[in-house]
Chemist: 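There's a structure below that I have some questions on.
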Protein chains: 2
Amino acid sequence: MEQDRVRAPNIRDVARLAGVSYQTVSRVLNDSPSIRPATKQRVLDVINEVGYRPNQAARALVTSRSRTIGVLSAQSSHYGPSTSISAIEIAAREAGYRLSITNISSGDYASIKSGLDYLLSQSVEAIIVMAPQVRVFDAIDDLMITVPFLTLESTGRDPRHSLSVDQVAGARLATRHLIDLGHTEILHISGPQDWIEADARMRGYLQELDEADLRTRAPVLGDWTAHFGYYAGLELLRFRDFTAVFCGNDQMALGLLHACREMGVDVPGDMSIVGFDDIPEAAHFFPPLTTVRQNFAEVGRRAISHILSELRGDEPTVHEQLTPELVVRESSGRLA
Amino acid sequence: MEQDRVRAPNIRDVARLAGVSYQTVSRVLNDSPSIRPATKQRVLDVINEVGYRPNQAARALVTSRSRTIGVLSAQSSHYGPSTSISAIEIAAREAGYRLSITNISSGDYASIKSGLDYLLSQSVEAIIVMAPQVRVFDAIDDLMITVPFLTLESTGRDPRHSLSVDQVAGARLATRHLIDLGHTEILHISGPQDWIEADARMRGYLQELDEADLRTRAPVLGDWTAHFGYYAGLELLRFRDFTAVFCGNDQMALGLLHACREMGVDVPGDMSIVGFDDIPEAAHFFPPLTTVRQNFAEVGRRAISHILSELRGDEPTVHEQLTPELVVRESSGRLA
DNA sequence: GCTCAGAATGTGACCGTACACATCCTCGAC
DNA sequence: GTCGAGGATGTGTACGGTCACATTCTGAGC
């Protein structure tokens with residue numbers, strides 16, 4: 001406490017103690033070539049001794065380079081986003097960049113905008129947006145963003161600044177799988193309407209049914225949670241006018257599996273269920289879940305690689321969607 | 001693109017365009033009281049028009065207040081940490097603070113230290129550490145941290161700077177529950193050795209068995225994943241010399257449930273299983289999992305509240321552990 | 001019409017760093 | 001011994017804000 005309000009040592013303090021000029025200290029910090037090893041060592045010793053730490057704010061101010069990439073994320077506690085963020089962080093670190101992650105709790109325009117605003121005021125050098133709401137694009141337009149940016153979503157809206165796993169293709173894979181198994185009455189429990197992914201998966205489902213000339217039903221609008229899957233399942237299973245369900249994610253599929261057990265519906269004997277995401281737990285559900293795997297880590301890595309190339313001055317290249325993969329396990333089967 | 005390399009407008013640009021001094025603009029930004037409404041409006045108009053955004057680096061430099069709280073986190077993709085972070089973020093935002101989240105991928109000393117170093121060089125005003133490795137404490141000591149900090153772990157090592165759910169108590173609750181059900185041969189599948197939580201849960205398990213004068217067995221050292229629980233289960237179940245398992249987390253319990261089904265072991269008839277965390281999915285496992293619930297969100301909220309009071313100048317108060325809660329579902333039962 | 005308090009606004013300095021440039025040192029070549 | 005080249009080191013300035021203080025404006029009270 002007695003030393004508390006004393007200000008942290010700065011570059012000049014270090015210089016004085018080491019008997020050199022502040023510029024020499026600066027050189028040591030940025031390991032500039034022409035500096036005598038003895039001098040360098042002396043400076044480093046002082047730095048360690050006084051616990052000097054360069055002030056990032058000052059550095060960012062003068063260089064206008066923060067070495068930071070901003071990430072705007074919603075629901076970063078979900079498996080997908082958090083896996084991607086993890087991969088982004090690792091890739092960024094390798095390139096010498098840090099992440100500044102901002103979560104927005106609600107998807108309304110104001111909070112998206114204020115999140116982006118905050119990142120920009122941090123002088124981030126690039127922005128990756130993982131907020132899966134459509135309004136994000138409006139906010140990006142409004143804010144006149146000049147730094148490289150990328151949204152990790154698959155709308156066709158701005159292909160030069162988007163990167164993602166092809167959700168529509170994934171949904172079609174899942175639906176096609178059920179059709180191939182002989183199902184004709186296939187339900188879809190989707191995610192919340194305003195999520196881009198939810199919408200894309202729903203579109204994929206509808207397209208595939210349409211092409212197969214099968215009856216499309218209005219999807220059930222869920223909220224991604226296992227609880228929803230469970231309660232929706234209890235309700236839906238009262239009328240067994242369907243034999244397969246494509247769930248918008250694995251959690252809802254889990255809840256639905258639960259409901260099936262309680263209602264005495266055998267999976268996959270009476271009911272086939274397919275999820276989406278392939279969370280690590282899905283392989284251990286009962287029964288192990290057939291689902292669509294998306295490589296979240298790869299998305300993260302590519303995002304950074306695109307950002308870096310833009311940072312080097314390359315033109316933003318066009319959207320390149322990753323292909324998801326169907327993982328067939330035991331929750332789906334041929335219609336008896 | 002044509003406007004690309006032009007520098008962002010600063011406070012003086014705004015001042016010039018609004019026909020006032022830069023200080024007046026600064027007053028508008030910090031809504032200082034004595035400013036004529038007309039002037040204020042004029043400045044705000046210009047700000048909007050040119051898309052001016054205050055430079056945080058400059059502001060942090062001069063005020064040495066970043067309005068940012070640093071969070072050091074490991075494995076932030078896990079349910080617990082990410083739930084806490086979410087709560088921390090919300091609470092911090094309400095108090096006008098932002099979060100700077102840094103993930104460390106490995107738990108070694110160097111990366112913990114560099115993570116903390118980074119946060120400190122960002123001039124964060126406080127630090128919350130969620131990295132569950134013991135070495136964190138050494139790093140904190142070494143770095144001569146002068147800002148308020150808090151670790152979200154339950155070691156007794158620094159009670160004035162720790163806050164957490166009582167892991168030992170939680171583990172005892174789980175173990176006691178199994179003992180009460182008549183089990184005498186109880187196994188423990190723990191998390192990785194170097195995780196503080198894993199260690200605490202193991203200690204709680206051992207203590208409770210010890211007090212009940214039951215045989216303690218060497219815990220199986222896992223890695224938190226469902227896969228591990230599954231494969232460990234397949235192995236362990238070859239010798240059925242136990243009737244209950246306390247798992248270090250819910251994921252491993254899920255894997256174990258899976259193994260039980262495959263080996264034809266009925267849960268809870270032949271085998272009782274208890275998890276830890278109460279992830280939202282646990283209620284929908286088969287059977288629904290008995291587990292220990294910890295209120296991660298509450299931990300996050302309290303963390304911020306402690307930090308804020310320290311930031312206001314209060315002395316750090318002593319560690320106050322939250323009590324976890326046993327949630328009995330259907331994976332545990334009386335010994336036949 | 002003058003005075004004066006208080007509101008409104010402006011000026012200078014500084015935060016900690018990096019860059020551009022100036023200066024000093026060292027040493028080999030003549 | 002002098003010179004110059006290039007390595008090593010030092011000095012001024014700018015980055016974009018805020019703070020302390022100075023100055024100007026405004027309107028009420030006499």
Side-chain angles (χ1 to χ4, degrees), chain A residues 5-44 46-47 50-68 96 117-118 120-125, chain B residues 5-44 46-47 50-68 96 117-118 120-125:
Chain A
R5 282 304 156 217
V6 82
R7 84 181 186 334
N10 66 21
I11 201 174
R12 286 166 212 259
D13 297 326
V14 172
R16 192 164 10 83
L17 290 171
V20 296
S21 77
Y22 56 84
Q23 178 56 16
T24 300
V25 177
S26 174
R27 290 201 177 89
V28 171
L29 293 173
N30 299 289
D31 28 42
S32 144
S34 54
I35 190 151
R36 202 177 315 177
T39 313
K40 180 170 184 172
Q41 193 51 52
R42 192 148 31 99
V43 171
L44 287 176
V46 174
I47 285 177
V50 301
Y52 165 78
R53 235 182 310 275
N55 181 317
Q56 290 292 87
R59 185 176 280 184
L61 177 59
V62 66
T63 60
S64 64
R65 299 199 57 195
S66 57
R67 303 244 87 192
T68 299
D117 240 336
Y118 172 71
L120 289 168
S121 72
Q122 301 272 82
S123 341
V124 296
E125 296 180 33
Chain B
R5 281 304 156 216
V6 82
R7 83 179 187 335
N10 65 23
I11 201 174
R12 286 164 214 258
D13 297 326
V14 173
R16 190 164 11 83
L17 290 171
V20 296
S21 75
Y22 55 82
Q23 178 56 18
T24 300
V25 178
S26 174
R27 289 202 178 88
V28 171
L29 293 173
N30 299 290
D31 24 45
S32 145
S34 54
I35 190 152
R36 202 176 312 178
T39 313
K40 180 169 184 172
Q41 194 52 50
R42 192 146 32 96
V43 171
L44 287 176
V46 174
I47 286 177
V50 301
Y52 165 78
R53 234 183 310 275
N55 180 318
Q56 290 291 76
R59 184 177 281 181
L61 178 58
V62 66
T63 60
S64 63
R65 299 199 57 196
S66 57
R67 302 244 84 189
T68 298
D117 240 335
Y118 172 71
L120 289 169
S121 71
Q122 302 272 82
S123 338
V124 296
E125 296 180 33

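The shown structure was predicted, so the numbers you read here are calculated from the model rather than taken from an experiment. A note on names: the letters A, B, ... follow the listed sequences, proteins ahead of strands, and every chain is numbered from 1.
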Chemist: Can you name the residues that form a side chain to side chain donor-acceptor pair (under 3.5 Å) with B/Gln41, not counting sequence neighbours?
Modeler: B/Asp45
Chemist: Under 4.0 Å: is that the gap between some side-chain N or O of A/Thr39 and OP1 or OP2 of D/dT9?
Modeler: yes
Chemist: Expressed in angstrom and rounded to an integer, what is the separation of A/Asp31 atom CG from C/dA18 atom P?
Modeler: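 From A/Asp31 CG to C/dA18 P: 11 Å.
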Chemist: With sequence neighbours excluded, what pairs up with B/Arg67 under the side chain to side chain donor-acceptor pair (under 3.5 Å) test?
Modeler: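 In terms of side chain to side chain donor-acceptor pair (under 3.5 Å), with neighbours along the sequence ignored, B/Arg67 is linked to B/Tyr97.
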Chemist: Under the side chain to side chain donor-acceptor pair (under 3.5 Å) rule, collect the residues that match up with B/Tyr22, sequence neighbours excluded.
Modeler: none
Chemist: What residues, two or more places apart in sequence or in another chain, satisfy side chain to side chain contact (heavy atoms under 4.5 Å, CB included) together with A/Arg16?
Modeler: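 Partners of A/Arg16 under the side chain to side chain contact (heavy atoms under 4.5 Å, CB included) test: A/Asp13.
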Chemist: Output yes when at least one side-chain N/O atom of A/Ser21 is less than 4.0 Å from OP1 or OP2 of D/dG10, else no.
Modeler: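 Yes, within the criterion.
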Chemist: Is A/Leu61 touching bases, backbone alone, or none of the nucleic acid, heavy atoms closer than 4.0 Å?
Modeler: base
Chemist: Could you tell me which non-hydrogen atom of A/Pro54 sits nearest to which non-hydrogen atom of B/Ser121, and how far apart they are?
Modeler: O-CB, 3.4 Å
Chemist: Taking atom P of D/dG16 as reference, at what distance in whole Å does atom CG of A/Leu120 sit?
Modeler: 16 Å
Chemist: Can you build the contact string for nucleotides 17-27 of chain D? Use B for base contact, S for sugar-phosphate-only contact, and - for no protein heavy atom under 4.0 Å.
Modeler: BBBB-------
Chemist: Table please: side-chain donor-acceptor pairs of residues 24-40 of chain A below 3.5 Å, with sequence neighbours left out.
Modeler:
{"unit_1": "A/Thr24", "atom_1": "OG1", "unit_2": "A/Ser21", "atom_2": "OG", "d": "3.3"}
{"unit_1": "A/Asn30", "atom_1": "ND2", "unit_2": "A/Ser26", "atom_2": "O", "d": "2.8"}

Chemist: At what angle, to 10 degrees, do the two end axes of the helix from C/dG1-D/dC30 to C/dC30-D/dG1 meet, given five pairs define each axis?
Modeler: 50°
Chemist: Using atom types as modelled and distance alone, determine if a side-chain donor or acceptor of B/Ser123 lies under 3.5 Å from a backbone N or O of B/Ser66.
Modeler: no
Chemist: Can you run down the side-chain hydrogen bond (donor to acceptor under 3.5 Å, both in side chains) pairs that involve residues 50-62 of chain A, sequence neighbours left out, and say none if there aren't any?
Modeler: A/Arg53-B/Asp117
